[in-house]
Amino acid sequence: MDSRIKYPETHRNKCAACFRQFNKLEHLVEHMRISYHSVHEPTCGICGKHCRSFESLREHLIGPLPKHECRDIFANRGCKFCLKVLESPYSQRIHQERCQLSANTGLIGRFANLGIRDNLTIGKGPQVVALACKMAGGGSDGSLDLCARVCIIDERENILFHSYVKPPIPVTNYRYETTGIRPEYLRDAMTMRQVQRRIQDFLCNGEPVWKIRPKSGRARILVGHGLDHDLESLQVEYRSEMIRDTEKYPPLMKTSKLSNSLKYEIQTGMQDPYEDCVATMRLYMRLRSQAHKIEEYPLASDPQNKNNFASWRQRELEGMSPDQMLAISRSDYYCWCLDSI
């Protein structure tokens, strides 16, 4: 005797997260097995639809073909920056004024041009820092990226470290239009080796790089955009578990730099690494502050979740409602809100 709970077919075969419908129940189970829907996905505050990225959520709300009911409500009560839906148009106006991530760092950013600033300390200081580099060109055609300027800030956007960097090989293109770097800035600059040692020691904060612990350790969380490229140019090795890269973070992907998904435009005209640090730090802090449901084991890769959608549970899974399947589904990426737990 089949003891499974009976549901209307139109309800049973519809994903409770993305609302996709399937002809057969086993297809829905397979969809849940590979989709990794979770409480950490960007979610519409009106209909509850889960989206893979903020760009997908924006298209759902205000794109070329939005869901009309959500579009109309969002137009009156939605924040165009963080995509949150507020209780009233008045609440929306107040929230949106505070929510906007302004790229105008003003004179504070310009102070970075004064030269070397080194406030890096070992054993204390902030646990989260942002890093950005600016590249000059090397090689016969000037296409080889060479780090010529680096900046590090803390969570309060204070400059901890700023220096021009003398590359190990000659610079053949200073790329002044975008970097603002002139030959005289590098003449007496710190060498690449000096900068590499200072940054490596500061990030590890007294721990050997191969012994860094993601939780409860002393090593610092590093925030940035395109950090693989920056760290390679600095010849700095760092554990991927401690890196928060806006270029690789799934909810921010399918976007051009940082400008589309959460409406923060940087990297126009002459580029200041301080402004880039501020951009990524503010974006990280916003995403870290998201109030997601706390789960004891939030990742699909956690051993406790390895059998959630195991093939030998197929019959049991087909007996679940879509909401029950969503409840046991876990994220395939580390949500930055977990840094605040």
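The figures here come from the full heavy-atom set of this structure, side chains too, leaving out hydrogens, waters and symmetry mates.
- For the side chain to side chain contact (heavy atoms under 4.5 Å, CB included) criterion with H50, the lone passing option out of V39, T43, L57 is T43.
- The pair R198-D118 meets the salt-bridge criterion, with a side-chain N (NZ, NE, NH1 or NH2) lying under 4.0 Å from an Asp/Glu carboxylate O.
- For I34, the CD1 atom is densely surrounded, since the number of other residues' heavy atoms within 6.0 Å is greater than 12.
- Using a 4.0 Å cut-off between a side-chain N of Lys or Arg and a carboxylate O of Asp or Glu, E69 and K67 do not qualify as a salt bridge.
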(message) Test side chain to side chain contact (heavy atoms under 4.5 Å, CB included) on L234 and V195; report intermediate values, then the result.
(response) CA-CA 8 Å; L234 289 167; V195 172; 3.9 Å; yes
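- Aromatic rings from Y333 and Y36 are positioned such that their centres are separated by 6.0 Å or more.
- Taking the ring axis of F161 as reference, the NZ or CZ atom of R117 does not stay both within 45° of it and closer than 6.0 Å to the ring centre.
- The residues R313 and E316 are annotated as salt-bridged, a charged nitrogen and a carboxylate oxygen being separated by less than 4.0 angstrom.
- Environment of CD in E87: sparse, with no more than 12 heavy atoms of neighbouring residues, nucleotides or ligands closer than 6.0 Å.
- Between R33 and L317, the shortest heavy-atom contact is NH2-CD1, 3.9 Å.
- Contact between R244 and D339 at its shortest, heavy atoms only, is NE-OD2, 2.8 Å.
- Residues C79 and C82 share a closest heavy-atom pair of SG-N, 3.5 Å.
- Contact check on R330 versus E295 returns a salt bridge, with a Lys/Arg side-chain nitrogen under 4.0 Å from an Asp/Glu carboxylate oxygen.
- H162 has its ring centre no less than 6.0 Å from the ring centre of Y274.
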(request) Decide yes or no on salt bridge (Lys or Arg N to Asp or Glu O under 4.0 Å) for R58 and E55, but give the supporting numbers first. (result) CA-CA 5 Å; R58 186 176 294 279; E55 183 168 306; over 6 Å; no
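- Summarising the local packing, CH2 of W312 is surrounded by more than 12 heavy atoms from other residues, nucleotides or ligands at distances under 6.0 Å.
- Under the 4.0 Å criterion applied to side-chain N and carboxylate O atoms, D332 and R52 are assigned as salt-bridge partners.
- Salt-bridge formation is detected for the pair K134/D276: a Lys NZ or Arg NE/NH1/NH2 atom is positioned less than 4.0 Å from an Asp or Glu carboxylate oxygen.
- The CD atom of E232 sits 11.0 Å away from the CD atom of E237 when rounded to the nearest 0.5 Å.
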(request) Could you check C337 against R288 for side chain to side chain contact (heavy atoms under 4.5 Å, CB included), going step by step and ending with a plain yes or no? (result) CA-CA 4 Å; C337 77; R288 189 180 75 172; 5.7 Å; no
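- More than 12 heavy-atom neighbours from other residues, nucleotides or ligands sit within 6.0 angstrom of NZ on K215.
- Looking at every heavy atom in both residues, L146 comes nearest to G138 through CD1-CA, 3.6 Å.
- More than 12 non-hydrogen atoms from other residues, nucleotides or ligands lie less than 6.0 angstrom from CG of D141.
- The two residues I212 and C204 have their closest heavy-atom pair at CD1-SG, 4.0 Å.
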(request) Assess whether side chain to side chain contact (heavy atoms under 4.5 Å, CB included) is satisfied between N305 and L299, documenting all intermediate values. (result) CA-CA 8 Å; N305 296 321; L299 300 177; 5.6 Å; no
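- In this structure, Y185 and Y164 have tilted ring planes: the angle between them lies in the 30° to 60° band.
- The two residues R149 and D272 make their nearest non-hydrogen contact at NH2-OD1, 3.8 Å.
- Within 6.0 Å of atom CD in E241, more than 12 heavy atoms from other residues, nucleotides or ligands are found, so the atom counts as buried in its surroundings.
- Judged by the 6.0 Å distance and 45° axis criteria, K14 is not positioned over the aromatic ring of F22.
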